Amino acid sequence: MSETAHRYTAELADQIELAWQDRWEESGVFNAPNPSGPFADPEKVASYDGGHMLVLDMFPYPSGAGLHVGHPLGYIATDVFSRYHRMLGKNVLHCLGMDAFGLPAEQYAVQTGQHPRVTTEANIVIMKRQLRRLGLGLDNRRAIRTMDPEYYRWTQWIFLKIFNSWYDREAVRPDGGLGRARPITELIADFESGARALPDGDERSWSDLSAVERAEVIDSHRLAYASEAPVNWAPGLGSVVANEEVTNDGRSERGNFPVFKRNLRQWMMRITDYSDRLADDLDRVEWPEKVKAMQRNWIGRSHGARVAFQVVGAPDGTEPIEVFTTRPDTLFGATFMVLAPEHPLVDSLVPQGEWPAGTNPTWTGGEATPEASVTAYRLAASRKSDVERQMEGKDKTGVFTGAYASNPATGTEIPIFIADYVLMGYGTGAIMAVPGQDERDWHFADVFDLPKIRTVQPTEGHPEDEAFGGEGPAINSANDTLDLNGKPIAEAKAAMIDWLVAQGFGEATVSYKLRDWLFSRQRYWGEPFPIVFDTDGVAHGVPESMLPIELPEVPDYSPRTFDPNDAASEPEPPLGRVREWVEVELDLGDGRGVQKYRRETNTMPNWAGSCWYHLRYLDPENHDELVSAATEEYWVGPRETPVAGAPAGTRDPGGVDLYIGGVEHAVLHLLYARFWQKVLFDLGHVSSEEPFRTYFSQGYIQAPAYRDDRGQPVEASEVEESVGEDGQSAFTWRGQPVTREFGKIGKSLKNMVSPDDMYAAYGADTLRLYEMGMGPLDQSKPWDTRAIVGSQRFLQRLWRNVVDEETGEVRVVDEPIDDATSRILHRTIDAVRRDYDELGFNTAIARLIEFNNALTKLDAVPRAAAEQIVLMVAPLAPHIAEELWSRLGHAESLTHEDFPVADPALLVEDSVTCVVQIKGKVRDRIEVPSDISEDELREKALALPKVVEATAGGVRTVIVRAPKLVNVVPL
RNA sequence: GCCGGAGUGGUGGAACUGGUAGACACGCGGCACUUAGGAUGCCGUGCUUCGGCGUGGGGGUUCGAGUCCCCCCUCUGGCACCA
């Protein structure tokens, strides 16, 4: 240590890093100016010749456990990218807020009585320290927190906008498409003027309706509405949750409690009105295909037809049974129908009295009459939870209703069943069953001995006893007025739909899996709804002037929770206990004067705050608007050119230029945020149609975890590794052998690795470099603490190339860069730029190491070379780069220095190594001038002794790819 | 079951439109400097019976395949009775 007092050690890194972090903070060098408003600096904005860029991360929830080394991965990546683009002359905005509402703080509050705000603020302090130590170049003036009233005031404001609007399917959008949100006042005006008729053929005029009746009509159009509907109720959690938050084994994502379908009055968001736009606009953004696919899948748009089936023997005017099918071409093969047990038409279908003559005994469920059978089946089905339904797998159950319908294509009478494999929530809740082409229907037909008619010719070798879902010509599909036989599926579908329309039996239609978004939660720690109910139970939005509706203090933070399996329990939100807050007298400014109201006691889900935070970052000090129009348009307005890979003719939707976060939010946050953005766009509050024009999902860092012989995780930091005689690693914990696996970092696997430890042992720059060097950003990869030293060694060599370790003096020389080094330098610049552009940080680091190693081999490093590598390293390891830059004699931070530019003339080599292959195998190499002609190269290659030897019998062909390759093929 | 993604040295990973497989790093081995080194520097490191063989396995296209096509295996993500 004594002889190398100025070595780049962890201690020195610590000093340098803390010093530069202070300097950055004091100078506000990462503060990005706005064109107008509170952070306005129009001159500075105009001074950026490279334009502007908004780079964001999915913001963190401040957990009590602090960060682990997996968390910063995305933040480092966005920081490197941002710093690089600042050096390209752009006004880069990179900032990070806190997703401060959430369940953990509330659960802690329930246990300890400590206010969630206190817990959350304490956690934020810890997290901010850890993040600051990482050296992120953030605009800290914009570090918004969702729990602050000044923030959630605008969350509530957006809710009011959504509540006060409706989706007009006929309205024309600026892009010419149909359908957009409009203020609810315009709908009311239409009703008042009579321009719009009342629903359900009600012929009264608007003024004839009572206030409650009007509210009912209006509420049925609102984009946010309270309704009594089947929702996911988790008694153990004490709250309802959204469809997206239910795992596929029927449990709540939070807390893993059983979830039951219950009819409860809850707030919903009419996201289904946006199904098409949410699906279509995925083409306009640059996202991982995987995530787009997940969203498309979740929206679940399928094109098909509605077909009406008349019930046989029903009195005139009886409603037909409507089915949805994606395969109208198979209608000739529909041999029975199935309704969901809850289908509203079931009651009217079931005939009184005995089973029809000749009813197959297996269809009756063992009951004496259709009515008894249907009642019993429906009861059994209603008692089954989703989990139980799933456990039954594909075993088909059901009963005959006793009624028949007429197949419109064939006129055949087909039996109508109810069965729980048909879901009320999708399509029309009724299907035409086509066993020939549908596996599920085939199974059902097997169980109930129903006929099967193939209407598509199966491919050869297709098993006789299976449905055929593949492509083929139609068969058995003709009647007096329609002949589909021989047509391929697509053609047959179109022909059938035309026929159905002509005959009045049906029409083409589209069905979606997406359901409306359940938006209320029975929790304390969330945004209160800006909603009050009058004495008639009608919901009113409070005037904007009353915002924010602040979260009141409560004696008890917990919702009432129940036995997790008590499906019959009722939610009870904590806010309901604060009577003086709930019961208010207000003048809503609607002309009714002061009235008695009850406040909504549910709170908004955690997603609310994160649906729009990307907008608030832009203008966080604006107290008059969510974001000013000019500022919004400057940062996220549509760009001239669409994103890469967009279909021809696409208009850019605008949005965040780079958004990085975990793929676990693919159908939650990322879908909800898109929905809110589109509503705000429709209502004219933003110019961008998408929140995130480019989204990148980073992989996870997995850390080794160890289990003992009982399978219990043991503390990973206490495990010792030894290499056995067979060369394989063995692991022991307190003397006992344990097995290693790689998994998510956290408490449950006892494999926590804290960035604090890495700062102490190596410094932040080394940690940053290691995390960025591990591999492609989108891949998950294993953490290996002992490999970090490689990153440290690189920085030490870089340091040593500039600073004398013994004296601390700068040791670069003021001499020109020699030609060979210059060529390496420019090739490095070229490659590093390309890598940085594409988030290829791992390969950029490899190039920088190579160049640095080349400098190490020189007797002395020319100043210009040192400066160039320092600038190139700066985005990745900003502290050491700033320190070296300053020691090299620059007074200013390098934040806005120009990134090195490669000279194209220096990218081409004078001579290159040419590979000489014989029959495709490398046999020799020759140095040739890089501008060698094909003929000359061919001659040179053919003259080589090895080639002469191999071609003694003659030459068949010679492939020349000058200057790098010659392939000789002998006869 | 359906739809994606991925299989490259002991390890993490490189390889632009088909054209020198294994960049860079860890680990490992050797040497130097050292009282010592787990510091630093330098050298080596896919396997090999030294003919060759090598990018999960098998076939194909091509002068030439990690890269393109077909079949199969394994791992992994999402959806899951969605009509």
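Here is the naming used below: chain letters follow the sequence lines, and residue numbers restart at 1 for every chain. Nothing here was measured: the structure is a model prediction, and the numbers come from that model.
Comparing A/Val789 and A/Arg923 by the nucleotide of RNA chain B that holds the closest heavy atom to each, the one mapping nearer the 5' end is A/Val789. Place A/Asn297 and A/Ser302 on RNA chain B by their nearest nucleotides, and A/Asn297 ends up nearer the 5' end.
Among the atoms of the strands shown, base atoms are found under 4.0 Å from some heavy atom of A/Leu965. Within 4.0 Å (heavy atoms only), A/Ser780 reaches sugar-phosphate atoms of the nucleic acid but no base atom. Residue contacts shown for A/Lys290 are limited to sugar-phosphate atoms, with no base heavy atom under 4.0 Å away. Using a 4.0 Å heavy-atom cutoff across all strands shown, A/Glu289 reaches no nucleic acid atom at all. A/Ala846 comes within contact range of at least one nucleobase, with a heavy-atom separation under 4.0 Å.
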Under 3.5 Å between N/O atoms: give me all the protein pairs with nucleotides 64-69 of chain B, atom names plus distance.
none

What are the atom names and distances for every N/O pair under 3.5 Å that joins the protein to nucleotides 41-43 of chain B?
unit_1: B/G41; atom_1: OP1; unit_2: A/Arg800; atom_2: NH1; d: 3.2

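Cation-pi geometry between A/Lys452 and A/Trp442 is met: under 6.0 angstrom from the ring centre, within 45 degrees of the axis. Seen from the ring of A/Phe448, A/Lys396 does not count as a face-on cation partner, given the 6.0 Å and 45° thresholds.
Spacing between atom CZ of A/Arg827 and atom P of B/A23 amounts to 16 Å, rounded to whole angstrom units. Atoms CG (A/Asp778) and C1' (B/G13) sit 13 Å apart, rounded to a whole Å. If you measure from atom OH of A/Tyr770 to atom P of B/U11, you get 15 Å, rounded to the nearest angstrom.
Atom CD of A/Glu342 sits about 9.0 Å away from atom CD1 of A/Ile418, to the nearest 0.5 Å.
B/A83 sits 45 Å from B/G18 when the C1' atoms are compared, rounded to a whole Å. As rounded to the nearest Å, B/C28 and B/A21 have P atoms that lie 30 Å from one another. On the C1' atoms, B/G10 is 32 Å away from B/C71, given to the nearest whole Å. Using atom P as the reference point in both B/A23 and B/C47, the two lie 13 Å apart (nearest Å). Taking atom P in both B/G44 and B/C26, one finds a spacing of 15 Å when rounded to whole Å. If you take atom C1' in B/G9 and the same atom in B/A25, they sit 14 Å apart, rounded to whole Å. Distance check on atom C1': B/G30 versus B/G13 gives 26 Å, rounded to whole Å. On the C1' atoms, B/G12 is 16 Å away from B/G46, given to the nearest whole Å.
When the options A/Lys781, A/Glu664, A/Lys744 are evaluated for a side chain to side chain donor-acceptor pair (under 3.5 Å) with A/Tyr700, the one that passes is A/Glu664. Each of A/Arg833, A/Arg834, A/Arg827 was scored for a salt bridge (Lys or Arg N to Asp or Glu O under 4.0 Å) with A/Asp830, with one residue passing: A/Arg834.
At least one donor-acceptor pair closer than 3.5 Å links the side chain of A/Trp799 to the backbone N or O of A/His6.
Smallest separation of non-hydrogen atoms from A/Tyr421 and A/Ile431: OH-CD1, 3.7 Å.
Using a 30° and 60° split on the angle between ring planes, A/Tyr695 and A/Trp287 fall in the perpendicular class, above 60°. Ring geometry for A/Trp783 versus A/Tyr770: interplanar angle over 60°, hence perpendicular rather than tilted (30 to 60°).
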| Could you spell out the base pairing of RNA chain B in dot-bracket, with Watson-Crick or G-U pairs whose two distances are under 3.5 Å, [ ] crossing and | to another strand? | (((((((..(((......[....)))((((((.......))))))((....))..(((((..]....))))))))))))....

